[in-house]
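Down below is the structure, laid out as structure tokens.
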Amino acid sequence: MINKIENMRHTASHVLAQAVLRLFPDVKLGIGPVIQDGFYYDFLFGREFSEDDFLKIEEEMHRIVKDDYKLEKFTLSREKALEELEGQPFKQELVMDIPESEEISFYKQGEFTDLCEGKPSHVASTSQIGKFKILSTSGAYWKGNENNVMLQRIYATSFEKKSELKAYLDKLKEAEKRDHRRIGQKLNLFEIFSQDAGSGLVFWLPQGKKLLNSLMEWSRSMHVKDGYREIETPHIVHTNLWEKSGHLANFKDFMFICPDDEGDSGVGIKPMNCPGHMLVYSRKRRSYKELPVKLMEFGTVYRNEKAGTMHGLFRVRGFTQDDAHIFCTFDQLENQIIEVLNFAESIFSKFGFKWKLFFKGRPDKSIGSDAAWEKAESSLKAAISKAGIDAEYIPGDGAFYGPKLDFEIEDALGRHWQCTTVQIDFNLPDRFNLSYVNSNDEEEVPVLIHRAIFGSMERFIGILIEHYAGNFPFWLSPTQAIIVPISEKHFDYGREFLNDLKSAGIRAKLDDRNEKVGKKIRDAELNKVPYMFVVGDREMNSSSVSVRHRDDGDRGSVSKNELIEELKKEGNVN
RNA sequence: GCCAGCGUAGCUCAGUGGUAGAGCUGCGGUUUUGUAAACCGUAGGUCGGGGGUUCGAAUCCCUCCGCUGGCUCCA
């Protein structure tokens with residue numbers, strides 16, 4: 001079934017090209033592949049495509065569907081192919097890229113013929129492309145190379161049934177509603193003063209900072225339980241250190257570097273925490289008895305990302321990583337990986353994320369001995385199977401300095417995010433001459449594991465905002481409860497209860513504005529506050545409060561003491 | 001960085017060459033309220049910055065800044 005939809009979309013991309021070519025005979029065709037949720041086609045066009053063009057193109061596509069052209073495959077020699085593609089320079093370039101040994105195939109439907117490998121294959125005729133819709137356009141470099149000419153890309157999608165198309169479009173709308181930038185604005189969580197302070201730099205507002213703190217405090221307690229020791233390293237260090245770590249050589253364009261008074265070497269703002277952690281490890285002679293050494297830091301790093309790539313909390317220039325480095329012996333590697341896997345699982349299960357593990361092996365260009373790679377990869381494999389986790393093995397996708405494990409989590413809308421990465425590193429211990437003394441009084445080089453679970457706290461909060469649509473669970477909610485007095489008469493009673501809640505460690509507020517109950521409830525709901533406690537005469541007389549919950553409305557009245565005990569339990573994150 | 005669209009009050013937006021608008025928010029007052037919006041009044045903008053065209057520019061042109069969607073999931 002999955003193939004079928006790909007076939008439909010592949011043919012639909014041909015139909016799109018056919019329609020565009022009918023309407024605008026001068027366009028030059030690029031490529032038109034099937035992608036994750038649809039397909040696209042690239043065109044060289046004198047101007048951009050407008051919404052009006054979309055309608056015309058869709059209309060023309062419908063005509064092509066109605067005429068139900070059969071798709072016919074044929075092959076040509078290179079010379080004949082180039083002739084066939086007269087006037088289509090990009091297609092001709094593609095023909096020249098095809099190796100001698102492979103056949104050059106075309107698909108023809110009506111008057112339209114396209115160079116096409118036939119992967120995925122096509123449906124039999126143009127009436128079978130399902131229900132489609134043009135979604136958007138964008139600029140896209142020919143062959144993705146920014147030195148090449150920019151083409152106009154049309155994104156579209158198709159589904160077998162109209163209801164499926166509608167469900168997909170609804171999902172896009174829902175995602176838009178949940179956009180963390182929009183919710184962040186409404187809930188006063190964060191601000192990015194692009195114009196005044198620079199893009200990609202996050203200002204956490206009081207409400208957002210509470211959220212960040214709750215997440216960090218929980219994460220910190222989880223790390224401490226798991227044997228990590230928290231450290232903090234400076235935000236800027238001499239460029240010498242970045243030379244030593246190799247970051248300057250590989251990462252210079254992404255680093256913020258500034259001169260200092262002590263000479264011409266200058267200082268670099270840290271784009272990564274690793275070198276600092278290497279120094280901390282190396283400050284004294286280490287015994288095998290103290291391994292593994294697990295150093296953890298909420299390390300704030302800055303990277304000079306390209307101007308056009310910033311996006312809310314997802315892609316920023318400054319962010320805080322929940323970063324840790326584990327220094328261990330080769331014999332400990334497997335167990336350490338198992339611990340990290342279990343740790344990540346305990347973190348993600350808290351949020352109800354499903355997740356998938358990818359195991360990325362040795363790339364073509366790599367450092368480290370064959371023996372080390374083999375040992376590392378086999379340890380990872382053993383760890384994965386012992387932890388009872390399924391992992392997809394992707395050879396060649398690891399870092400040049402060692403194999404890695406990447407987690408992909410799936411949110412409430414079924415979207416995928418990569419947060420966690422676990423990497424084994426043969427490079428840095430070497431560069432920093434790290435060692436420990438083994439039981440035979442010999443120096444050995446420790447194995448280094450880099451790992452971050454959330455990755456970037458900023459980005460993870462962005463994901464959480466969209467995952468929960470702003471309806472954070474109680475323990476994360478910036479404001480956990482609002483007390484709603486019916487009238488001024490009940491303010492004192494409300495204040496008293498507010499103090500009780502605060503003493504119990506609950507983040508509560510009192511709404512003592514001169515407004516009606518309905519208005520106060522509405523505002524609390526819009527602010528996604530989990531609990532609203534209504535207090536009036538009835539409650540005052542019975543030493544109780546009336547409980548309303550964000551998710552299910554009125555829950556009736558409860559005694560104050562009982563309620564506080566329940567809230568304490570609910571807020572207890574451990 | 002590149003392509004396209006966009007930038008009007010704290011927020012959401014209307015205004016396409018002729019005196020800058022609405023709702024919400026804010027502030028002042030009336031009301032004393034029972035589970036998603038009480039009422040009246042009032043304040044608030046060098047229309048992103050700069051330059052140009054014009055008798056006249058939020059509106060047209062140039063430029064800078066920023067935002068948004070994208071920029072190989074390869075015939």
Side-chain angles (χ1 to χ4, degrees), chain A residues 6 10 13-14 17 29-42 44-45 47-51 81 85 88 90-98 102-107 114-120 135-155 176 179 181-182 185-186 188 191-200 253 305-312 482 484-491 513-527 532-539 546-550 553-557:
Chain A
E6 288 187 351
H10 187 192
S13 91
H14 283 222
L29 303 179
I31 58 168
V34 173
I35 54 175
Q36 184 73 55
D37 291 314
F39 57 92
Y40 67 78
Y41 214 108
D42 287 344
L44 182 67
F45 191 37
R47 57 179 179 86
E48 74 285 359
F49 292 101
S50 67
E51 299 273 326
L85 295 166
Q88 290 295 345
F90 301 111
K91 293 290 185 188
Q92 289 177 329
E93 190 181 329
L94 291 172
V95 167
M96 297 311 290
D97 291 342
I98 296 172
E102 287 177 29
E103 68 170 19
I104 299 173
S105 60
F106 289 82
Y107 278 80
D114 200 359
L115 176 71
C116 179
E117 191 181 20
K119 283 182 194 167
L135 299 172
S136 61
T137 59
S138 82
Y141 298 109
W142 169 238
K143 289 184 173 173
N145 183 335
E146 63 187 15
N147 297 317
N148 287 342
V149 65
M150 183 159 268
L151 309 178
Q152 294 293 322
R153 174 168 299 176
I154 295 182
Y155 285 94
E176 206 181 313
D179 191 313
R181 291 164 302 183
R182 186 188 288 236
Q185 166 73 254
K186 280 192 185 143
N188 299 304
E191 188 73 66
I192 296 171
F193 297 96
S194 307
Q195 192 90 240
D196 295 320
S199 57
D253 291 344
E305 301 286 352
K306 282 195 198 172
T309 56
M310 254 62 76
H311 179 97
I482 283 191
V484 178
I486 303 264
S487 80
E488 229 168 312
K489 283 187 294 184
H490 314 109
F491 281 9
R513 293 176 304 166
N514 179 9
E515 294 288 352
K516 298 182 84 167
V517 178
K519 170 70 171 166
K520 294 181 184 181
I521 296 285
R522 178 181 155 81
D523 287 346
E525 291 276 357
L526 290 175
N527 283 312
M532 287 145 277
F533 301 131
V534 179
V535 294
D537 288 340
R538 292 205 295 267
E539 289 74 17
S546 191
V547 178
R548 181 191 164 100
H549 194 272
R550 178 183 64 194
D554 199 344
R555 285 184 181 177
S557 67

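All values below come from the heavy atoms of this structure, side chains included, with hydrogens, waters and symmetry mates left out. Labels below follow one simple rule: chain letters A, B, ... track the order of the sequence lines, proteins then strands, and each chain is numbered from 1. The model shown is predicted, which means the values in this text are computed figures rather than measured ones.
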Taking N and O atoms by type only, does the side chain of Tyr141(A) place a donor or acceptor under 3.5 Å from a partner on the base of G1(B)?
yes

Once hydrogens and angles are ignored, does a donor-acceptor distance under 3.5 Å link the base of G10(B) to the side chain of Gln185(A)?
no

Tell me whether the OP1 or OP2 atom of G69(B) has a side-chain N or O from Arg181(A) closer than 4.0 Å.
yes

Check every strand shown and say whether [X] touches a base, only sugar-phosphate, or nothing at a heavy-atom separation below 4.0 Å.
{"X": "Gly536(A)", "result": "base"}
{"X": "Val534(A)", "result": "base"}
{"X": "Val484(A)", "result": "nothing"}
{"X": "Ser194(A)", "result": "sugar-phosphate"}
{"X": "Arg153(A)", "result": "sugar-phosphate"}
{"X": "Asp523(A)", "result": "nothing"}
{"X": "Glu191(A)", "result": "nothing"}
{"X": "Ile35(A)", "result": "base"}
{"X": "Glu539(A)", "result": "base"}

Expressed in angstrom and rounded to an integer, what is the separation of [X] atom [atom1] from [N] atom [atom2]?
{"X": "Leu526(A)", "N": "A37(B)", "atom1": "CG", "atom2": "C1'", "value": "9 Å"}
{"X": "Lys520(A)", "N": "A37(B)", "atom1": "NZ", "atom2": "P", "value": "14 Å"}
{"X": "Met532(A)", "N": "G34(B)", "atom1": "CE", "atom2": "P", "value": "17 Å"}
{"X": "His10(A)", "N": "A75(B)", "atom1": "NE2", "atom2": "P", "value": "7 Å"}
{"X": "Asn147(A)", "N": "C3(B)", "atom1": "CG", "atom2": "C1'", "value": "15 Å"}
{"X": "Tyr155(A)", "N": "A4(B)", "atom1": "OH", "atom2": "P", "value": "16 Å"}
{"X": "Met96(A)", "N": "C74(B)", "atom1": "CE", "atom2": "C1'", "value": "18 Å"}
{"X": "Leu151(A)", "N": "C2(B)", "atom1": "CG", "atom2": "P", "value": "17 Å"}

When you measure from the side chain of [X], which nucleotide among [options] comes out closest?
{"X": "Ser546(A)", "options": "G34(B), G66(B), G1(B)", "value": "G34(B)"}
{"X": "His311(A)", "options": "G69(B), G66(B), C71(B)", "value": "G69(B)"}
{"X": "Arg522(A)", "options": "A37(B), G34(B), A75(B)", "value": "A37(B)"}

Just name whichever nucleotide pairs with [N], Watson-Crick or G-U, keeping both distances under 3.5 Å, else none.
{"N": "A4(B)", "result": "U68(B)"}
{"N": "C11(B)", "result": "G23(B)"}
{"N": "G18(B)", "result": "C55(B)"}
{"N": "C39(B)", "result": "G29(B)"}

In plain terms, say whether Asp97(A) and Lys143(A) are close enough for a salt bridge, that is, a side-chain N and a carboxylate O under 4.0 Å apart.
yes

Between Glu191(A) and Arg181(A), does any NZ, NE, NH1 or NH2 come within less than 4.0 Å of an OD or OE carboxylate oxygen?
no

Quick check: on RNA chain B, is the nucleotide nearest Ser136(A) upstream (toward 5') of the one nearest Gln195(A), or the reverse? Name the residue that is more 5'.
Gln195(A)

Worked check of side-chain contact (heavy atoms from CB on, under 4.5 Å) between His490(A) and Asp537(A):
CA-CA 7 Å; His490(A) 314 109; Asp537(A) 288 340; 2.8 Å; yes

Would you say the side chains of Asp114(A) and Tyr41(A) form a donor-acceptor pair under 3.5 Å?
yes

Nearest-Å distance once atom C1' is located in both G70(B) and G23(B):
33 Å

Report the relative orientation of the aromatic rings in Trp142(A) and Phe90(A); use parallel for angles under 30°, tilted for 30 to 60°, perpendicular for over 60°.
tilted

